[in-house]
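Working notes, beginning with the structure itself.
Worth knowing before you read on, the calculation uses all heavy atoms, side chains too, and leaves out hydrogens, waters and symmetry mates. Predicted model, so just to flag it, every value in this text is computed and none were measured.
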Amino acid sequence: YIAAGIPAICHCLPAGGSQHWVVAYKYTSGSGWDSIFVLDPYGGAKNRTMAEAMRLSCGGTSGGVDKLRHHPSHSL
């Protein structure tokens with residue numbers, strides 16, 4: 001989705017079972033969570049890497065992202 005210019009809404013699994021979502025909007029040529037950039041509402045809607053967001057907002061990177069969503073008017 002990101003390569004097509006469509007931001008993706010990502011759900012991560014925080015420790016304790018609470019809900020947390022971030023919006024992935026760009027990525028670099030690297031690999032892994034450090035190469036994906038997100039808008040994270042935790043702590044005042046910050047631009048972060050997915051790795052930072054998962055550490056700060058989701059209790060670590062081990063849980064991963066379990067859902068991806070895009071705006072319903074977009075399809076690939």
I9, V22, T49 screened by side chain to side chain contact (heavy atoms under 4.5 Å, CB included) with V38, the one that passes = V22

Write down the atom of [X], the atom of [Y], and the distance for their closest heavy-atom approach.
X   : Y   : value
A3  : Y27 : CB-OH, 3.3 Å
A24 : C10 : CB-SG, 4.0 Å
Y25 : I2  : O-CG2, 3.6 Å

Contacts of S31 that satisfy side-chain contact (heavy atoms from CB on, under 4.5 Å) - sequence neighbours left out |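 Counting only residues at least two positions away or on another chain, S31 forms no side-chain contact (heavy atoms from CB on, under 4.5 Å).
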
To the nearest 0.5 Å, tell me how far M54 CE sits from R48 CZ.
-> 13.5 Å

Rounded to the nearest 0.5 Å, the NZ atom of K26 sits from the CG atom of N47 at a distance of 8.0 Å

